[in-house]
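First up is the structure itself, then whatever we jot down about it.
Numbering of residues begins at 1 and proceeds along the displayed sequence.
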Amino acid sequence: MDHGGTRTRIIEASVEVFLEKGYDLATIRDICARAQANVAAVNYHFGSKEKLVEQVFKRRLDALNQHRLAELAKVAGKPATRLEDVLAAYIRPALELSHEGNGSLFMRVLARAFAEHDDTLRQFLSENYGHVMKQFTAEFARLLPHLDKAELYWRIDLVTGALTHAMSGFGMIQRKDNVTEQQHREQTAAHLIRFAAAGLSHP
């Protein structure tokens, strides 16, 4: 029995169904129909719809945040570090994720989750990945001593929103036919880092 294949199909189908219907309206039956799996397979592999949702996000976000922290470790606390270096550690791994497989679809699901104010998911993200934001925030604070805590948090939140927007493919700037995926990603990263640096460092 192909347990691994069934589990992967259910996770991938979940992303599509969550995007189409949202978390509250999406049912296990909808997901299993899309994945061509038995309803009992969700309980077997995940235990519940809530645990399935967590695995959908862990599958992508664990790797993303490991990559982010590895990049941050290269520049954090060093005298020569620029604001743009920390932003690159935060932004570039995320943009790479959005171009892998159905990464942009996943990011639209994440954006929808925040738009729907899913408190359970927000708590899950805070508990599992809050430490990542704390490390980045500490480094931003070191480089931006003129900002008080509240103002810094506002600006980081807005940068994260812009990044989520870029990752989701919602924007007006679409890749041109003569531009490769990698080139487009680099252009997006360069523009976003420059934009974010200006916003964060404004007096």
Side-chain angles (χ1 to χ4, degrees), residues 57-115 121-176 179-203:
F57 284 89
K58 280 183 68 64
R59 186 169 183 240
R60 293 281 186 174
L61 295 180
D62 280 2
L64 166 61
N65 285 297
Q66 287 172 9
H67 189 180
R68 275 176 161 170
L69 290 177
E71 293 301 309
L72 179 62
K74 297 176 183 178
V75 298
K78 297 181 179 179
T81 294
R82 302 171 305 140
L83 183 58
E84 288 83 356
D85 299 326
V86 183
L87 284 166
Y90 186 63
I91 288 170
R92 290 186 184 279
L95 290 176
E96 289 175 15
L97 166 67
S98 71
H99 287 81
E100 293 175 359
N102 62 351
S104 64
L105 186 65
F106 168 78
M107 287 311 303
R108 293 185 186 191
V109 170
L110 183 60
R112 178 162 185 167
F114 280 106
L121 182 58
R122 285 171 182 263
Q123 182 178 353
F124 165 77
L125 294 174
S126 177
E127 290 175 353
N128 287 272
Y129 307 109
H131 67 286
V132 178
M133 285 308 303
K134 285 181 180 179
Q135 292 186 50
F136 273 95
T137 299
E139 189 62 12
F140 284 132
R142 182 179 76 87
L143 297 172
L144 301 165
H146 65 287
L147 298 180
D148 62 32
K149 186 176 180 180
E151 183 63 27
L152 178 62
Y153 279 25
W154 267 107
R155 296 188 189 192
I156 292 173
D157 198 45
L158 292 170
V159 169
T160 300
L163 174 58
T164 302
H165 182 78
M167 292 173 69
S168 303
F170 287 135
M172 294 184 294
I173 308 300
Q174 301 297 317
R175 182 174 66 85
K176 296 179 181 179
V179 176
T180 67
E181 287 284 356
Q182 183 175 355
Q183 289 172 331
H184 182 66
R185 185 169 67 245
E186 285 299 318
Q187 290 172 358
T188 302
H191 279 85
L192 187 51
I193 289 169
R194 188 161 57 247
F195 173 83
L200 284 172
S201 60
H202 186 75

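The main-chain N or O of H202 is found under 3.5 Å from a side-chain atom of R155 such that the two form a donor-acceptor pair. E139 places a side-chain N or O within donor-acceptor distance of the main-chain N or O of G77, the cut-off being under 3.5 Å.
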**Message:** Under the criterion side chain to side chain contact (heavy atoms under 4.5 Å, CB included), I'd like the reasoning laid out for V132 against L64: C-alpha separation, chi angles, the key distance, then a yes or no.
**Reply:** CA-CA 10 Å; V132 178; L64 166 61; over 6 Å; no
**Request:** Show your reasoning for whether side chain to side chain contact (heavy atoms under 4.5 Å, CB included) applies to I193 and R92.
**Result:** CA-CA 9 Å; I193 289 169; R92 290 186 184 279; 4.0 Å; yes
**Message:** As a quick check of understanding, evaluate side chain to side chain contact (heavy atoms under 4.5 Å, CB included) for M133 and Y90, giving each step before the final call.
**Reply:** CA-CA 9 Å; M133 285 308 303; Y90 186 63; 3.5 Å; yes
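Here the closest non-hydrogen pair linking A197 and L83 is O-CD2, 3.7 Å. Contact between P93 and A88 at its shortest, heavy atoms only, is CD-O, 3.5 Å. L163 and A94 get closest at one heavy-atom pair: CD2-CB, 3.9 Å. What you find for F57 and Y129 is that their closest heavy atoms are O-OH, 4.2 Å. Nearest approach of R68 to F136, heavy atoms of both residues: O-CZ, 3.8 Å. Nearest heavy atoms, R142 versus V75: NH2-O, 4.4 Å.
For the atom pair OG1 (T137) and NZ (K149), the distance works out to 9.5 Å, reported to the nearest 0.5 Å. Expressed to the nearest 0.5 Å, how far CG of N65 lies from CZ of R60 amounts to 13.5 Å. The OG1 atom of T81 sits 9.0 Å away from the CG atom of L72 when rounded to the nearest 0.5 Å. The line from CG of L192 to CG of L95 is 6.5 Å long, rounded to the nearest 0.5 Å. Here the CD1-CZ distance, from I91 to F195, works out to 10.0 Å after rounding to the nearest 0.5 Å.
Between L200 and the options L143, L158, L144, a side-chain contact (heavy atoms from CB on, under 4.5 Å) holds for only L144. The residue from H191, H184, E186, R185 that alone fulfils the side-chain contact (heavy atoms from CB on, under 4.5 Å) condition with T188 is H184.
Contact check for L69 versus H131: side-chain heavy atoms found under the 4.5 Å cut-off.
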